[in-house]
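Numbering of ligands and ligand atoms starts at 1, following listing order. We use all heavy atoms of the structure for the numbers below, so side chains are in, but hydrogens, waters and symmetry mates are not.
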Amino acid sequence: MKNIILVGFMGTGKTTIATKLANRLDMRYLSTDDMIEKKEKRTINEIFTDSGEDYFRNVESAVVREASSMANVVIDAGGGVVIREENLTNFRSNGIVICLTAGEEVILERTKKYKHRPLLNVEDPKRKIRDLLAKRAPFYAKADHCIDTGKLTIRQAVDEITKIAEAVQ
Ligand code: S3P
């Protein structure tokens, strides 16, 4: 099976869906955020605060290269991974890239109770979500397939991705 890479904005369900998908397809689950935190021995909030976003993006690209060299994995990619073309190229070298989407309100509802995302720890997260979504839309559109998780149950999303993945083998 080709690797399956889930990209998409924060709060679109990547972690939940990737975990279930890996289980269903008997593949290994990998999270770029977890790999970054392990490599850096600090949290993503700490990396952003102490070293800045550029530094974070460099570590993220290194982790993407590492994850892309593995086989039989479902990769749960951080929401900003798509802004660097090289990351998508690496993911595509042996995988299929699927973008999960959801509306602004759904994203706000799903993310507002958590504090581990530095980009959303701002006074007006709704505005930040809207701005970032607009800025990133052309990058997310480069994925091989897009799935709107706002309209599907987790199970339906997993079913749909399974179908897509099986069709490209
Ligand atoms: C980010 C998304 C986060 C994490 C970091 C930056 C982004 O991952 O990589 O906080 O730029 O959209 P999730 O999409 O898994 O929350």
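- At under 3.5 Å, not a single nitrogen or oxygen of Asp76, backbone or side chain, sits near a nitrogen or oxygen of ligand 1.
- Cluster partners of Tyr29: none. The rule joins Ile, Leu, Val, Met, Phe, Trp and Tyr whenever side-chain heavy atoms lie under 4.5 Å apart, and it links nothing here.
- In the model, Arg42 has a side-chain atom that pairs as donor or acceptor with a side-chain atom of Ser51 under 3.5 Å.
- Close approach to Arg57 involves these atoms of ligand 1, each under 4.0 Å from a residue heavy atom: 7 (C), 11 (O).
- Listed by chain and residue number, Asp33, Ile36, Ile44, Ile47, Phe48, Glu60 satisfy the side chain to side chain contact (heavy atoms under 4.5 Å, CB included) test with Phe56 (two or more places apart in sequence, or in another chain).
- Listed by atom number, the atoms of ligand 1 under 4.0 Å from Lys14 heavy atoms are 13 (P), 14 (O), 15 (O).
- Of the heavy atoms in Ile36, none comes closer than 4.0 Å to ligand 1.
- For Arg136, every heavy-atom contact with ligand 1 shorter than 4.0 Å involves the side chain, none the backbone.
- Ligand 1 places these atoms under 4.0 Å from at least one heavy atom of Pro118: 10 (O).
- Short contacts between ligand 1 and Gly78, defined as distances under 4.0 Å to a heavy atom of the residue, involve ligand atoms 8 (O), 9 (O), 14 (O).
- Proximity of a side-chain donor or acceptor of Asn90 to a complementary backbone N or O of Val64 within less than 3.5 Å is not detected.
- Contacts between Glu37 and ligand 1, counted as non-hydrogen atom pairs separated by less than 4.0 Å, are absent for every part of the residue.
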